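Comments concern the structure below.
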Amino acid sequence: MPDADHSHHANGSNGSNDKWQFLQPPQSDGGPREQPPLIRPPSRGQFRFSIWFIALAVMVLLLVNSLVGNRQMATTVDYSTFKNLVTDGQIKRVRITDNYYVGLGATEAELSRLREAGSTTTTAVGEWRTVRVEDPGFVALLDDNGVQYFADPQGGRPLLGLILQWVVPLGLMFLVWRLMFKRLGSMGSNVMAFGKSRAQVVAEGETGVRFADVAGADEAKAELEEVVDFLKSPERYVEIGGKIPKGVLLVGAPGTGKTLLARAVAGEASVTFFRLNGADFVEMFVGVGAARVRDLFKQAREKSPCIIFIDELDAIGKSRGVAMTGGNDEREQTLNQLLVEMDGFDARSGVIILGATNRPEVLDAALLRPGRFDRQVLVDKPDLTGREAILKIHSATVKLEPEVDLLEVARATPGFAGADLANLVNEAALLAVRARRKLVSQRDFGEAIDKVVAGLEKRSRVLSPKEKEIVAFHEAGHALVAHHTPGSDPVRKISIVPRGLGALGYTMQTPAEERFLLTEKEILGRIDVLLGGRGAEQVVFGEISTGAANDLDRSTDMAKRMVTDFGMSEKFANMRLPYRQESPLLGHNGHAVNREYSEATQQYIDEETARIIRDRYRRVVDLLRERRDALKAVAARLLEQEVLESDEFSQLAGSPAAVAAG
Ligand code: ADP
Ligand code: ZN
Ligand code: MG
């Protein structure tokens, strides 16, 4: 179904899939995309050692036992023979073990004398062994013959017994345990380091990213430069009595360069930098995450001054007690431990915590309290100059035709995040390569924008001729209304090439300048343009389609906000009627607010919204009826060539001056 994307959101890509925090080799690029995550190489040297150590120990013990404990060399004799030897006086001393009697041919005193003389017991005196028999008269027999006797329950092989009874079973258990954890995947490599933090320590400059590699996010950059400066020379701040924040939280949409900024901090600060991902803490065993947090902070305190960077903080920082899945003890404990640790030191200790998230609204409010992440920095999508600067950075390594105008590209890409722009440059370069050209041209950029904006071309998707016609008129309607609405952004391009999901076509307007404010008239103009798609369907076919759903969503929202947020209604002029769920970070009053007005007001809002839409739609339909010829001309050309550029469109659309202002 037709769907106009007037502000062309960069929905093609975002930078949220990067996971560089695992042992990434030093990056010197700041290149277009993050490198894919590397698998953490096993750090189990210590572990291997312990296994081999045990095996070795067992062998050594066995050897020693057989060399020293040479009592096995005793001659085994019958019990009766043994008794005879006792009676004959050949056996002077008997060792009684659990299972054997061992007779020795010398008394203790004689033995020690022999030992002093330098001989070994076995060769010098006889030794006989016999299986123990229940014989009540045996002890009496020994007494009668003056034979010494003593009990040795270990059976004469104390070391071997010890090994067999304890070391071997333990070793086996250990092996089984290890195998088990190996099965559980990555954990196997971490069995010995369960509670150890997985933070990656980054040496200074190792990331190869500098503040100069980050463009656009000036506010965030300034903030972080201050942090770096503090860590480099804390005296200056302490002297003046300035306070440096304990925690800085980078908040922003995916791909806006939060992770990049943190890497730049690592690259610039001459201090230890611990980086890790929020997800690193979360394990399947309760308490492990908390132990890791503890370990991390212990290390950090030893290494201060230093920076701890927790990327994707929302993985652990999700607010507690809202889990629908029966609670998540592990994450809760981890979060609690993090809070405890953050409270446990003061900024002067030289540990600064950096966090990054693109979902500030899910963070636990406790994390944002003073003394924790008390400074929140919005890393916004770049503005025109920011975009141009980012494009410059990323095309520095790309060979461009001299007439390529990056400002022009920046102008055509409002709403693009840094990652989208990096992607865009790459796409443009790929297009040039595909065409076997040596330099990237402005046209490559144009095509790359189309690709990034609406996903890859999907010419393969087949629309019925009727559907295609509807799409063409729908888009022509948007464009024509835009063309004839004073103050509206000029139409840059119309396309009905099916692309990606959802968008069957789009009308792209290029804002003449970056807009931060809209006048009432301009909002109404935007609503008109959004309604233009459906209006055209109505005018041409006399019936409407589902293709305008997204348009209606946005126009309704705008109309409603005119009443509730911008104070542009008659009854509640200059009043704000709060009803939105505000993010605790980005909102003004820190709380989620539902509506703070009466049911009657709600009814007024609904009616007023409906009235605005009704009025505007009427105007749009009138305008298009009047311009039916132009509408047909534009749609016909669209059907013919699928894409219309601004010049051609303007010719077909006629002079905008001919239409009275709405
Ligand atoms: P986030 O962490 O906010 O999702 P990233 O820092 O991972 O975004 O950005 C992804 C990539 O996009 C970066 O590696 C970089 O190449 C590019 N990028 C994003 N923002 C900027 C910027 N402000 N300046 C230069 N490059 C940027
Ligand atoms: Zn539309
Ligand atoms: Mg990131």
Side-chain angles (χ1 to χ4, degrees), residues 1-6 10 13-21 24 27 29-35 207-221 250-264 275 277-278 309-315 355-359 377-383 386-397 416-426 470-471 473-479 481-482 494 496 502-507 529-537 544-555:
M1 286 114 226
D3 215 353
D5 199 344
H6 315 279
S13 65
N14 61 50
S16 64
N17 55 345
D18 51 311
K19 288 203 174 121
W20 54 273
Q21 32 285 92
Q24 197 160 8
Q27 291 197 337
D29 56 342
R33 297 304 285 169
E34 297 285 1
Q35 295 193 354
T207 60
V209 179
R210 301 256 144 184
F211 279 133
D213 296 322
V214 189
D218 292 334
E219 188 207 352
K221 228 159 80 176
L250 303 172
V251 179
T256 46
K258 302 179 295 296
T259 306
L260 187 74
L261 270 167
R263 286 164 70 194
R275 65 182 187 196
N277 197 300
F309 172 53
I310 308 178
D311 207 354
E312 324 267 334
L313 183 69
D314 37 285
T357 180
N358 45 33
R359 302 168 65 204
V377 185
L378 187 65
V379 187
D380 219 347
K381 291 205 172 152
D383 61 5
R387 286 199 302 276
E388 194 192 0
I390 294 173
L391 284 168
K392 243 180 215 145
I393 287 176
H394 285 284
S395 54
T397 51
F416 273 43
D420 303 320
L421 293 168
N423 189 21
L424 175 69
V425 173
N426 197 41
I470 295 176
V471 176
F473 275 99
H474 180 104
E475 296 304 335
H478 282 308
V481 174
I494 319 168
I496 58 166
L504 294 184
Y506 64 85
T507 302
V529 175
L530 284 166
L531 293 172
R534 171 158 285 194
E537 293 177 38
I544 51 181
S545 77
T546 54
N550 181 261
D551 298 338
L552 299 186
D553 199 33
R554 289 160 63 186
S555 54

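Along the sequence shown, residues carry numbers from 1. Each ligand, and each atom within it, is numbered from 1 in the order the structure gives. What you see is a predicted model; the values in this text were computed from it and never measured.
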Side chain Lys221, main chain Val214, donor-acceptor under 3.5 Å: yes
Examine the proximity of ligand 1 to Asp213 and report which part, side chain or backbone, both or neither, has a heavy atom under 4.0 Å away. backbone
Within-cut-off N or O pair, Arg263 and ligand 1, under 3.5 Å: no
Gly418 and Pro382: which non-hydrogen atoms are nearest, and at how many Å? N-CD, 4.3 Å
Does any N/O atom on Ala215 come nearer than 3.5 Å to any N/O atom on ligand 1? yes
Can an N, O or S atom be found in Thr259 less than 2.8 Å away from the Mg ion (ligand 3)? yes
Side chain, backbone, both or neither: Ile390 near ligand 1, heavy atoms under 4.0 Å: side chain
Ala419 contact mode with ligand 1 (heavy-atom cut-off under 4.0 Å): both
Quick check for you: to the nearest 0.5 Å, what is the distance between Arg275 atom CZ and Asp311 atom CG? 10.0 Å
Where do Ala253 and Asn358 come nearest, in terms of heavy atoms and distance? C-CB, 4.2 Å
Nearest-option assignment for atom 26 (N) of ligand 1, heavy atoms, candidates Glu312, His394, Arg387, Lys221: His394
Looking only at N/O atoms, are Ile393 and ligand 1 under 3.5 Å apart anywhere? no
Answer yes or no for Gly252: is there a heavy-atom contact with ligand 1 below 4.0 Å? no
For residues His394 and Asn426, is any side-chain donor paired with an opposing acceptor at under 3.5 Å? no
Distance col, row Ser555:OG vs Leu531:CG, nearest 0.5 angstrom, shows 4.5 Å
Roughly how far apart are Leu250 CG and Thr256 OG1, rounded to 0.5 Å? 8.5 Å
Interatomic spacing from OG1 in Thr546 to CZ in Arg534 - rounded to 0.5 Å: 8.0 Å
Under 4.0 Å to a heavy atom of Val214 - the qualifying atoms of ligand 1, by number: 23 (N), 24 (N)
Distance (rounded to the nearest 0.5 Å) between Ile496 CD1 and Thr507 OG1: 10.5 Å
Would you check whether Pro254 reaches within less than 4.0 Å of ligand 1, judged by its heavy atoms? yes
Give a yes/no on ligand 1: does Ala217 have at least one heavy atom closer than 4.0 angstrom to it? no
Taking both backbone and side-chain atoms into account, decide whether Asp551 has an N/O/S atom under 2.8 Å from the Zn ion (ligand 2). yes
